[in-house]
Amino acid sequence: MKIAPSILSADFANLARDIRTVQEGGADMIHVDVMDGHFVPNLTFGPGMVAAIRPVTSLPLDVHMMVDDPEQWIPAFAKAGADTMLIHVEATPHIYRAMQLIKDHGVKAGVVLNPGTSLTAIEEVLPIVDQVLIMTVNPGFGGQAFLPAMADKVARLAKLRTGRKLAFTIEVDGGISDQTISAVAKAGADIFVAGSFVFSDGESPAKQISKLRAAGK
C-alpha cells in the first residue's frame, strides 16, 4: 500500500512546509494535479511548480495531467522532475504514442480513466504502462464524494492484470478516506491518492496517513 497525498489540498502559501510534513508523516509519494482549465474546469499547476517542489522532497512526484493535448507537455514535466506522468485516455487520440513518449524521457508512464470510461479503452496500452489510475470521482476539483461503483472497476482491472500476467500498479484518486479506502484496497488498488483527508483541518497529516493505512489493511 502506498499513500500519495495530493498537494491540491495543501496550503499553497506554505507548500514546501506541507510537503515536508507529509514526507515526515509517512507518505510514499507526492501527487501533483495538473489542470489546464480546458480538459477540466479548474486551473492549477504547471512545470514550474514541479521544478520548484522537486528540491523540497526526496519522494517520487506523481504528476497527474488533466490537460488537452498532453503530449506537448511531456518534455517540460520530465525536465522539471516528474517521476511518473499520468495521462487521461480521454485527452488524446494517440494514447499509445503518449505512453511511449513518456518512457522515452526516462519517466514512468501511467494512463488514467474517468469514471464513465470503460476499461476497454486502455486494454491495448496495458502491456507498456507502469500505472493505471482509476478516477473515483469526476476529475477537476478536490473534496468530492467517492463513487462506490468504481471499486468494481478496480476489481475488474486487477483481474485483467492477473489474467494477462502484467505488472502495472493500480492507483485510485478521489474521495479517498478512512471510510472509503477499504473497498478499493480489497478490490486490488496499490496506490491511494488522498488530498482533503490528509490535509484536513485539526488533524496532523501523519495521523491521517496512519488512519488510511489502518483502514486499508
Side-chain angles (χ1 to χ4, degrees), residues 1-12 14-15 17-35 40-42 44 57 59-64 66 84 86 88 110-119 131-162 168-217:
M1 170 184 288
K2 293 185 177 181
I3 305 297
S6 169
I7 60 170
L8 186 63
S9 297
D11 179 356
F12 292 171
N14 295 283
L15 194 52
R17 178 205 66 190
D18 281 4
I19 290 172
R20 292 189 186 101
T21 297
V22 294
Q23 178 167 338
E24 293 166 1
D28 299 291
M29 58 183 67
I30 301 296
H31 189 79
V32 183
D33 288 303
V34 176
M35 307 181 192
V40 291
N42 204 0
T44 58
T57 179
L59 294 178
L61 297 181
D62 192 48
V63 178
H64 177 191
M66 289 168 271
T84 304
L86 300 124
H88 279 256
V111 64
V112 189
L113 282 175
N114 282 338
T117 303
S118 170
L119 291 174
Q131 286 177 213
V132 177
L133 171 54
I134 300 294
M135 293 300 300
T136 46
V137 298
N138 291 299
F141 294 93
Q144 298 184 65
F146 175 79
L147 297 172
M150 294 303 103
D152 176 68
K153 192 175 191 177
V154 171
R156 286 184 281 119
L157 178 60
K159 184 177 180 180
L160 189 61
R161 174 176 61 181
T162 301
F168 60 82
T169 54
I170 299 174
E171 184 172 12
V172 288
D173 180 4
I176 300 300
S177 71
D178 59 349
Q179 301 301 307
T180 60
I181 193 171
S182 177
V184 280
K186 289 177 180 177
D190 310 293
I191 303 171
F192 306 86
V193 178
S196 301
F197 184 77
V198 168
F199 292 106
S200 64
D201 293 335
E203 297 288 357
S204 73
K207 183 175 182 180
Q208 298 299 84
I209 290 169
S210 294
K211 285 181 182 178
L212 290 173
R213 292 196 190 282
K217 288 182 178 178

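For R213, the salt bridge (Lys or Arg N to Asp or Glu O under 4.0 Å) criterion is met by D28, not counting sequence neighbours. Applying the salt bridge (Lys or Arg N to Asp or Glu O under 4.0 Å) test to D190 and every residue at least two apart in sequence or in another chain returns R161. Residues passing the salt bridge (Lys or Arg N to Asp or Glu O under 4.0 Å) test with D152, sequence neighbours excluded: R156. In this structure P115 satisfies the side chain to side chain contact (heavy atoms under 4.5 Å, CB included) test together with M135, N138, P139, L147, M150, sequence neighbours excluded. Looking at residues two or more places apart in sequence or on another chain, you find a ring pair (Phe, Tyr, Trp, His ring centres under 6.0 Å) between H64 and H31, H88.
In this structure the side chain of V154 reaches within 4.5 angstrom of the side chain of V172, judged on heavy atoms. Residues T84 and L86 have side chains in contact (heavy-atom distance under 4.5 Å, counting atoms from C-beta outward). The closest side-chain heavy-atom distance from M1 to F192 is below 4.5 Å. Contact annotation: the side chain of P5 approaches that of F199 to within less than 4.5 Å [non-hydrogen atoms, C-beta and beyond]. For the pair L61/M29, no side-chain contact is recorded, criterion being any heavy-atom separation below 4.5 Å from C-beta on. Side chains of I134 and E171 form no contact here, defined as non-hydrogen atoms less than 4.5 Å apart. With a 4.5 Å cut-off on side-chain heavy atoms, L133 and L113 do not count as touching. In this structure, F168 and L157 have side chains that are in contact, with non-hydrogen atoms separated by less than 4.5 Å.
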Begin from the C-alpha positions of F197 and Q208 and carry the test side chain to side chain contact (heavy atoms under 4.5 Å, CB included) through to its verdict. CA-CA 7 Å; F197 184 77; Q208 298 299 84; 3.5 Å; yes
Starting from the C-alpha separation in whole Å, work towards a yes-or-no answer on side chain to side chain contact (heavy atoms under 4.5 Å, CB included) for N42 and M66. CA-CA 9 Å; N42 204 0; M66 289 168 271; over 6 Å; no
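For S6 (side chain) and A194 (main-chain N/O), no donor-acceptor pair under 3.5 Å exists by modelled atom type. The closest donor-acceptor contact from the side chain of T180 to the backbone of G175 lies under 3.5 Å.
T21 OG1 to N14 CG: the interatomic distance, rounded to the nearest 0.5 Å, is 9.5 Å. To the nearest 0.5 Å, the span separating CG on L59 from CD1 on I30 amounts to 5.0 Å. Taking OG from S9 and CG from D18, the interatomic distance works out to 10.5 Å, rounded to the nearest 0.5 Å. Summarising the geometry, atom CD1 belonging to I3 is positioned 9.5 Å from atom OG belonging to S210; distances are rounded to the nearest 0.5 Å. For the atom pair I176 CD1 and S196 OG, the distance stands at 11.5 Å (nearest 0.5 Å). Atom-to-atom distance recorded for Q144:CD and T136:OG1 is 9.5 Å, nearest 0.5 angstrom.
When all heavy atoms of G216 and I181 are compared, the closest pair comes out as N-CG2, 3.7 Å. Smallest separation of non-hydrogen atoms from P205 and V22: CB-CG1, 3.8 Å. Between L15 and A10, the shortest heavy-atom distance links the atoms CD1-CB, 3.7 Å. A pairwise comparison of heavy atoms in A158 and G188 identifies CB-CA, 4.2 Å as the closest pair. When every heavy atom of F12 is checked against every heavy atom of I7, the shortest pair comes out as CE2-O, 3.3 Å. Of all heavy-atom pairs between L8 and M35, the closest is CD2-CE, 3.6 Å.
Annotation: salt bridge (Lys or Arg N to Asp or Glu O under 4.0 Å) contacts involving residues 203-212, sequence neighbours excluded, comprise E203-K207.
Under the 3.5 Å distance criterion, with hydrogens and angles disregarded, no donor-acceptor pair is assigned to the side chains of T44 and D33.
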